Amino acid sequence: MPLMTLEQLSYNYPNTRGLDHLDLTIQAGEFVCLLGPNGSGKSTLLRILSGLATASAGTYLFNDQVITADYLSDATKRQQLHQQIGLVFQNTDVQLFNPSVAEEVAFGPRQLGLSTAEVSQRVTDCLALTDCTELRERVPYQLSGGEKKRVALASVLALNPSVLLLDEPLNGLTIAAQQQLLTLLSRLQTAGKTIIMASHNFQQVQAVGQRFIIFNSAHQIDADVAGSVLATQPERQAQLMTL
Amino acid sequence: MPLMTLEQLSYNYPNTRGLDHLDLTIQAGEFVCLLGPNGSGKSTLLRILSGLATASAGTYLFNDQVITADYLSDATKRQQLHQQIGLVFQNTDVQLFNPSVAEEVAFGPRQLGLSTAEVSQRVTDCLALTDCTELRERVPYQLSGGEKKRVALASVLALNPSVLLLDEPLNGLTIAAQQQLLTLLSRLQTAGKTIIMASHNFQQVQAVGQRFIIFNSAHQIDADVAGSVLATQPERQAQLMTL
Amino acid sequence: MHIPDNYLSPATCGTLAVAMAPIWTVAVLKVKVQIKQHRETLPMLGIAAALAFLIMMFNLPIPGGTTAHAVGGTLLAVLIGPWAACLALTVTLLLQALLFGDGGILAFGANAFNMAFIMPFVGYACYRLGQKLHHEKLGLAIGAYLGINIAALVAGIELGLQPLLAHTASGAPLYCPYGLNIAVPAMLAAHLLVAGWVELVFTLLVYQFVQKVAPTNLYQTTPKTSQRPWFYLLGGLALLTPLGLLASNTAWGEWSPSELKHLLVQQHVGSTVPQGMAHGFHFQALFSDYAIAGLPVSVGYILSALTAILIFLLLIRGLQHDQSTFKN
Amino acid sequence: MTNQPSKTDLPTWLQAPNQPTTKRNRHPFLARNQRHLQALLVRLAQPAPAIPATRWQLPPHIKLLRLGLLLLLIALINNGLFLWGLALLLGAQLLVLAPSQLRRFLRSWLFSSLMAVIIVLPTYWLNGPATLLWFGFKTSLILANAQYYRATTNFQDLLTGLKTLHCPDVLIMTLAIAITYLRMLGNYLLQTMEALSLRTVAPAKHPYRLIGALFGNLYLKSYTYALELYAAMEARGFNGHYAKPATKPTRWRDYLSLSPYVALMALLIFWRN
Ligand SMILES: Nc1ncnc2c1ncn2[C@@H]1O[C@H](COP(=O)(O)OP(=O)(O)OP(=O)(O)O)[C@@H](O)[C@H]1O
Ligand SMILES: Nc1ncnc2c1ncn2[C@@H]1O[C@H](COP(=O)(O)OP(=O)(O)OP(=O)(O)O)[C@@H](O)[C@H]1O
Ligand SMILES: [Mg+2]
Ligand SMILES: [Mg+2]
């Protein structure tokens, strides 16, 4: 049973098209990279997958449930979906709203009804994983761009979602931090999480991604290749490098 | 006469340090790249240079004028400064406030009192340079991340400032767009503009930058090397690659 | 609390708009000084206006299962200063009236008076008083609650005076049909019981957040300022009273019952003279236990003008007290 | 900085699959507010298109003056026939609207009129139907005129109109910034609420505390934005004065278009004395 299935899914913004008739199946445990030019629909797809927006046409199935506006209007069902899917926004500014970094990360776990000790354990772990331990007592909105990005990731990780959606998580990180993040993501995948990540930099994600979905500027999927296949196609790799 | 001079300049945010005793001289016509870990002070330096913030200690001279809070409180002087220095923010969302992309780009030239024909010429040119022609009638806040970045750049270019400060302008752009932007910047430099750009990706800016200022996580300048010197130091290059 | 159009007579609207004029003038002058010191004040004004708009459209859950929204007058006054808040709220109200159909266009002056003047200033005065007594949060809470309730009271009075000020010869009200005995309790009950608490909780929580995260971003008071503007204001109000008298006495196009019957018959709406018209005294009877009802309209108007002035004096008293204590 | 493998060793809880909890969420207010905000943003993104240029467009300030005069007249006049005439006049103007615009006009006009009538409904029992009818008629006429103005005026026109009527610069600037920021802050608030709802995996114990954080953040954020935006605007030549795009000079016939209303008003005052 696939984890997520899109069938002829389209999404229209008020005046523009966001996605155009996508067909896509994602299995649990995959590491998928979304690539494509600016404005091709990567962020839009992640919004659909996370249930922030619902398809204008076509269907989206998550765990064999059709996700519609109706489905999402049921608070309990929406909550269940959100527990399983974590999204790190492209603009992480909007994601941080608590008065301190520690509280930001504790926000999710606390809702789950974990004990105080468990919550603080999670906070410490997540901050360590994303190298934010020193920022613990800082105010999120007063951080530098890259710091915000890492805190946002930590706050999503703390929920331990089984599907992680990441919208250009490498942007604004130093090369070292990028490497560290990619390693972390591979580990998470090994631990059974599904990871879907939008990125521009094929070179960086090449090593970790197992499947590459390439959008074109018509908001459609141009190609959907497995990493193993790609490894045998050097000319395609070269083309992706200069996307 | 140097264009910009910093002397023992420090900047403190309410609770944290932003910059720690910088000494720096920048000549007109240079292409300077700022590198360094997250939170090392790159954005803060650009804010100081653009007159958005003033030093907590030390002095900043622009064209032999000491830029202080007093100096900036004079509207005419502040405006003169701002007209010479254009800044593209790290979070470009803040920069876009007009109802359409065309108006966004036209805002500056119109304020300068150019004729309607000149204004529309500039708009067309700037949109073409940044590959935004198709976005002309779109609403700025409804663009994708990378599109916003390009529009913000176009709107600053339209003013034809003599100094361009760019805070991580490559983030979120596709590799092709990054290349195009870098070429554009080199051309601008050839045309006599001073360009100061913060970036994480040494590899990408290596080809265009003529001088590299490397910050450390103590908010100080670690190294300040010319591109020509760097070319003879492969081990240093390798180190910068993994910064 | 947005009063829509046609609830207030044009005379009342005019009076309140003119009453706002000196306040706006002072606010613009004050804010100009503020801009000189902190140039971010100008964009901050616009932003505060946008913020107020968002606050007013944000539905907050209340225990009964329904929702209410806060106005944020007191909160803005504490965040950006009362004068700036006055201007910002004015802009919000203008925007709502002209582009979003929230609150009347003619009634703009009245709405501005209630929500952009009374609310922030009452709230701010309480806050400063609390600050002086080292209970600023208590002051703020009381200010938020009192601010919205006094504004509601004034709105209720404005509405409730209409049947007295403007009616046809036979006594049928031309504008808001509810007298003081209905309008005031209705407005007050809604605000004392629900809206006031919503405003209080909302104000406190946002304030707490800002204070915890960035205390420097709260409005820092500047030392004592002159009292003169207040007297201009009072003078203006006093001058306006006769004007209101002129405008409010009778209505044009006397609307006699027989004429109306004719009209209504023509439109097949009804063939008899409407109840309220035929028994115009019913209306009077409703107000019979009201002392004002027996008085000529002009006297009633003067009384209400006096009441308004008195409320102002009380307000000023509050502000004065805390300003002079701030000096030491 | 080197990559330490220990840093990315996963803690055990992160390796385990998550256990979904099911608790009822009693506060769907976030979702509702999201919808409202979305509607607002859509509205702000597509300012009402002005009526297709017929013979001549009224300049913005004349439009504003006309609206004021009209509303004042309707409020003052208590003669059914006159009001009827004004209603016909408006109806004729409505004919020029595009069908879709007309539908939108009708929808919001009917809705707001209904609201107004509901509020005064109890007067039916107090004063009889006449007061109710009369009030309802006048109110809906006023609302229709205001709504017509809204349907045919975009934001820029309003600003230009106010500017021509010599509104203080501070006010116009504030208005201009307010509408800009309404878009930005609205968008920011919407996205934050989306992010919040994604992480609201169980009923919030203190929904109000969340709201405090939401708006507290919005304020602080906007404070920073204020500084940066102002610099960005100044950097682009903005000098504290609102530069309006050149407008056509007002012609005599623009003023003439106001004359019926002025005449009516004069009549009104004259008649009364
Ligand atoms: N809020 C919005 N309203 C209207 N159109 C939008 C909105 N957000 C995005 N779009 C448009 O939808 C299309 C897809 O946008 P999307 O954000 O998904 O692109 P993307 O692939 O994430 O691009 P980027 O790499 O620049 O982030 C683009 O044409 C964009 O202009
Ligand atoms: N508004 C603020 N308030 C308080 N501290 C801040 C603020 N902005 C940045 N800082 C802090 O100042 C230091 C320098 O930040 P700056 O934004 O200049 O870093 P940067 O080099 O641009 O980092 P990045 O690569 O992540 O963008 C950091 O420690 C940061 O946490
Ligand atoms: Mg995107
Ligand atoms: Mg930065």
Side-chain angles (χ1 to χ4, degrees), chain A residues 13-16 18 35-44 47 89-94 100 130-132 134-135 137-139 141-151 167-168 170-180 198-204 215 217 219 239-243, chain B residues 13-16 18 35-44 47 89-94 100 130-132 134-135 137-139 141-151 167-168 170-180 198-204 215 217 219 239-243:
Chain A
Y13 285 105
N15 310 311
T16 36
L35 296 162
N38 288 134
S40 55
K42 302 180 294 295
S43 303
T44 311
R47 284 174 61 88
F89 285 63
Q90 184 164 10
N91 180 4
T92 36
D93 264 29
V94 299
S100 81
T130 52
D131 207 8
C132 291
E134 284 150 39
L135 305 176
E137 296 310 322
R138 296 279 302 277
V139 183
Y141 92 95
Q142 292 180 342
L143 297 176
S144 81
E147 288 167 343
K148 277 184 190 154
K149 203 112 207 172
R150 299 201 310 246
V151 172
D167 202 347
E168 312 202 7
L170 303 175
N171 276 359
L173 297 187
T174 54
I175 308 279
Q178 290 180 4
Q179 281 313 326
Q180 191 182 334
S199 172
H200 282 299
N201 206 330
F202 173 67
Q203 207 181 358
Q204 275 163 334
F215 283 80
S217 34
H219 317 296
Q239 178 216 329
L240 285 177
M241 293 278 186
T242 61
L243 196 72
Chain B
Y13 285 104
N15 312 309
T16 37
L35 297 161
N38 288 134
S40 56
K42 303 180 293 297
S43 302
T44 312
R47 286 171 60 87
F89 288 77
Q90 184 165 7
N91 180 2
T92 35
D93 271 24
V94 226
S100 83
T130 52
D131 206 8
C132 291
E134 283 151 39
L135 305 176
E137 295 310 321
R138 296 281 301 277
V139 184
Y141 78 87
Q142 290 185 340
L143 297 175
S144 82
E147 289 167 343
K148 275 182 194 159
K149 203 112 206 171
R150 298 201 309 244
V151 172
D167 203 346
E168 312 201 5
L170 303 176
N171 274 359
L173 298 187
T174 55
I175 309 280
Q178 290 181 4
Q179 282 313 327
Q180 193 183 338
S199 171
H200 282 298
N201 205 332
F202 173 67
Q203 207 179 356
Q204 275 162 334
F215 281 80
S217 34
H219 317 297
Q239 179 215 329
L240 284 178
M241 293 279 187
T242 62
L243 194 72

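Letters A, B, ... are given to chains in the order of the sequence lines, protein chains preceding strands, and every chain is numbered from 1. Heavy atoms only: backbone and side chains are in, while hydrogens, waters and symmetry mates are out. Small disclaimer: the values here were computed from a predicted structure and weren't measured.
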Inset, instruction - Measure A:Gln178 against the heavy atoms of chain B and call it side chain, backbone, both or neither at under 4.5 Å. - result: neither
Inset, instruction - Against chain A, label B:Asp93 side chain, backbone, both or neither, depending on which of its atoms sit under 4.5 Å from a heavy atom there. - result: side chain
Legend entry - Interatomic spacing from CZ in A:Phe202 to CD1 in B:Ile175 - rounded to 0.5 Å: 10.5 Å
Inset, instruction - Search all heavy atoms of A:Asn38 against all heavy atoms of B:Glu147 and return the closest pair with its distance. - result: O-OE2, 4.1 Å
Legend entry - Residue part contacting chain A, namely of B:Asn91, when any heavy atom lies under 4.5 Å: side chain
Inset, instruction - Return the minimal non-hydrogen interatomic distance between B:Phe89 and B:Lys149, and the atom names on each side. - result: O-NZ, 4.4 Å
Inset, instruction - Let me know if B:Thr174 has heavy atoms under 4.5 Å from chain A in its side chain, its backbone, both or neither. - result: both
Legend entry - Proximity breakdown for A:Leu173 and chain B, heavy-atom pairs closer than 4.5 Å: both
Legend entry - Largest heavy-atom contact set with chain B, pairs under 4.5 Å, which of A:His200, A:Gln142, A:Arg150, A:Gln90: A:His200
Legend entry - chain B contact via A:Thr16 - which portion, at a heavy-atom distance below 4.5 Å: side chain
Inset, instruction - Search all heavy atoms of B:Gly39 against all heavy atoms of A:Ser144 and return the closest pair with its distance. - result: N-OG, 3.3 Å
Inset, instruction - Might you point out which heavy atoms bring A:Ser217 and A:Pro37 nearest each other, and give the distance in Å? - result: N-CG, 4.0 Å
Inset, instruction - Verify side chain to side chain contact (heavy atoms under 4.5 Å, CB included) between B:Glu168 and B:Lys42, making sure each step is shown before the conclusion. - result: CA-CA 9 Å; B:Glu168 312 201 5; B:Lys42 303 180 293 297; 3.9 Å; yes
Legend entry - Contact class of B:Gln179 relative to chain A, heavy atoms under 4.5 angstrom: neither
